[in-house]
Engineer: 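Questions regarding the structure given below will be posed in turn.
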Number of protein chains: 2
Amino acid sequence: MQNAVFKALSHPARRQILALLRKGPQLAGDLAAEFDTSWPTMSRHLAVLKDAELVTAERQGNQILYRINTSVLEDAATALLGLIGRDDGDDPLKEAAE
Amino acid sequence: MQNAVFKALSHPARRQILALLRKGPQLAGDLAAEFDTSWPTMSRHLAVLKDAELVTAERQGNQILYRINTSVLEDAATALLGLIGRDDGDDPLKEAAE
DNA sequence: CTGCTAATTAGCAAAACTGCTAAATATAGT
DNA sequence: ACTATATTTAGCAGTTTTGCTAATTAGCAG
């Protein structure tokens, strides 16, 4: 759902997490270590990102590897760009392609 | 502030408003008429968008004309795209240009 | 100044969000 | 089974967001 994506993007810590994942997949622990907030709080941020499908999680033995999902991010960016082009028709929030 | 922009974008009604403004500037009343929510609620959504500088407001006699601010929207889209490209450096959430 | 329409501000209640600590779960190693 | 580590889930308090109705402000017409 598009709405979940924008909601997930609305918190700076979550955007930061995505920024960190640009370098490549990261373990939950390594991500959490980069922040001042408590571990459980980070865990919840990750859950929000996962719900929005902005990231995927994969168990790796003892730990969990998070990976960014660029296609969802692309869709969000495209949606924003779609809001920009002047439109003379009457079909809002849709024909973003081309 | 970047954060205000993403926060503003996190509510579906506000994204809808931006979509309506694609067609061109609109009076607050005309915008409000497109939604089921009460007038004051719409007014607040508009205020949030204005705070984030996603729209500008201009008095037009009795009424108020809202206009989309595409440059802020572009910046937001660019920020998202910047989150996508693989990065081997260590400078997150920044070098989105080029 | 009075009345009318357009829009915002105030104030309130309900819901959602954030972040914490404590407790639970999962996996690996012994 | 027991322990240690990694991560999530529960439960709670404080804050923010949302949406409503009622009241207010702003500009215009007579």
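Letters go in sequence order (proteins before strands), and every chain restarts at 1.
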Engineer: Test of understanding: clusters of I, L, V, M, F, W, Y form through side-chain heavy atoms closer than 4.5 Å, transitively. Do Leu27(B) and Leu18(B) belong to the same one?
Structural biologist: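 No; tracing contacts between hydrophobic side chains, which count when under 4.5 Å, never links both residues.
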Engineer: Sort and list the pairs that fulfil salt bridge (Lys or Arg N to Asp or Glu O under 4.0 Å) and have at least one residue in residues 60-74 of chain A, not counting sequence neighbours.
Structural biologist: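 Passing the test, one end in residues 60-74 of chain A: Glu58(A)-Arg67(A).
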Engineer: Taking atom P of dA6(C) as reference, at what distance in whole Å does atom CG of Leu65(B) sit?
Structural biologist: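 That distance rounds to 15 Å.
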Engineer: Within this structure, what is the NE2-to-P distance between His45(B) and dT8(C), rounded to whole angstrom?
Structural biologist: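 Computing the His45(B):NE2 to dT8(C):P distance gives 13 Å.
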Engineer: So which nucleotide from dT18(C), dT8(D), dA7(C) ends up closest to the side chain of Leu27(B)?
Structural biologist: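 So the nucleotide nearest the side chain must be dA7(C).
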Engineer: With the threshold set at under 4.0 Å for non-hydrogen atoms, list the residues of residues 46-64 of chain A touching DNA chain C in residue-number order.
Structural biologist: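 Under 4.0 Å from DNA chain C: Arg59(A), Gly61(A), Asn62(A).
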Engineer: Rounded to whole Å, how long is the line connecting atom CD1 of Ile17(B) with atom C1' of dA7(C)?
Structural biologist: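 About 14 Å, once rounded to whole Å.
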Engineer: Is there a side-chain contact between Leu46(A) and Tyr66(A) (heavy atoms, below 4.5 Å)?
Structural biologist: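 Result yes, sub-4.5 Å side-chain heavy-atom pair found.
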Engineer: Would you please name every residue forming a side chain to side chain contact (heavy atoms under 4.5 Å, CB included) with Val5(B), sequence neighbours left out?
Structural biologist: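 With neighbours one apart ignored, the set is Leu9(B), Ala52(B), Leu54(B), Val72(B), Ala76(B).
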Engineer: Can you sort out the partners of Thr37(B) under side chain to side chain contact (heavy atoms under 4.5 Å, CB included), two or more places apart, ordered by chain and number?
Structural biologist: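 With sequence neighbours excluded, Thr37(B) shows a side chain to side chain contact (heavy atoms under 4.5 Å, CB included) to Phe35(B), Thr41(B), Met42(B), given in chain and number order.
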Engineer: Tell me whether Val55(A) is reachable from Phe6(A) by hopping between hydrophobic residues (I, L, V, M, F, W, Y) whose side-chain heavy atoms are closer than 4.5 Å.
Structural biologist: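 In one cluster with Phe6(A): Val55(A), yes.
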Engineer: Tell me, do Leu65(A) and Arg59(A) make a side-chain contact under 4.5 Å, heavy atoms counted?
Structural biologist: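 Counting from C-beta outward, Leu65(A) and Arg59(A) never come under 4.5 Å.
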Engineer: May I have the distance from Arg15(A) (atom CZ) to dT18(C) (atom P), rounded to whole angstrom?
Structural biologist: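 Atom-to-atom, Arg15(A) to dT18(C), this comes out as 11 Å.
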Engineer: Please work out which residues in residues 1-11 of chain B have a non-hydrogen atom less than 4.0 Å from an atom of DNA chain D and list them by number.
Structural biologist: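 Going residue by residue through residues 1-11 of chain B, the ones with a heavy atom under 4.0 Å of DNA chain D turn out to be Lys7(B), His11(B).
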Engineer: Tell me whether Arg22(A) contacts the main-chain N or O of Gly82(B) through its side chain, where contact means a donor paired with an acceptor under 3.5 Å.
Structural biologist: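 Checked: pair present.
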Engineer: Let me know which of Ile64(A), Leu31(A), Ile17(A) forms a side chain to side chain contact (heavy atoms under 4.5 Å, CB included) with Gln26(A).
Structural biologist: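 Filter result, single survivor: Leu31(A).
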Engineer: Would Leu21(B) end up clustered with Ile84(A) when hydrophobic side chains under 4.5 Å apart are linked, directly or stepwise?
Structural biologist: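 Yes, Leu21(B) connects to Ile84(A) through the hydrophobic network.
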Engineer: Distances under 3.5 Å only, N/O to N/O: pair up the protein atoms with those of nucleotides 20-25 of chain C.
Structural biologist:
unit_1, atom_1, unit_2, atom_2, d
dC20(C), OP2, Ser38(A), N, 2.8
dC20(C), OP2, Ser38(A), OG, 2.9
dC20(C), OP2, Thr41(A), OG1, 2.9

Engineer: Is the side chain of Asn69(B) donor-acceptor paired with the backbone N or O of Glu53(B) at a distance under 3.5 Å, no angle test?
Structural biologist: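 It does hold such a pair.
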Engineer: Determine the contact category for Tyr66(B): base if any of its heavy atoms lies under 4.0 Å from a base atom, sugar-phosphate if only primed atoms, P, OP1 or OP2 are that close, otherwise nothing.
Structural biologist: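 Sugar-phosphate contact only.
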Engineer: Using Watson-Crick or G-U wobble geometry with both distances below 3.5 Å, tell me the partner of dG11(C), or none.
Structural biologist: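 Answer to the pairing question: dC20(D), which forms a Watson-Crick or G-U pair with dG11(C).
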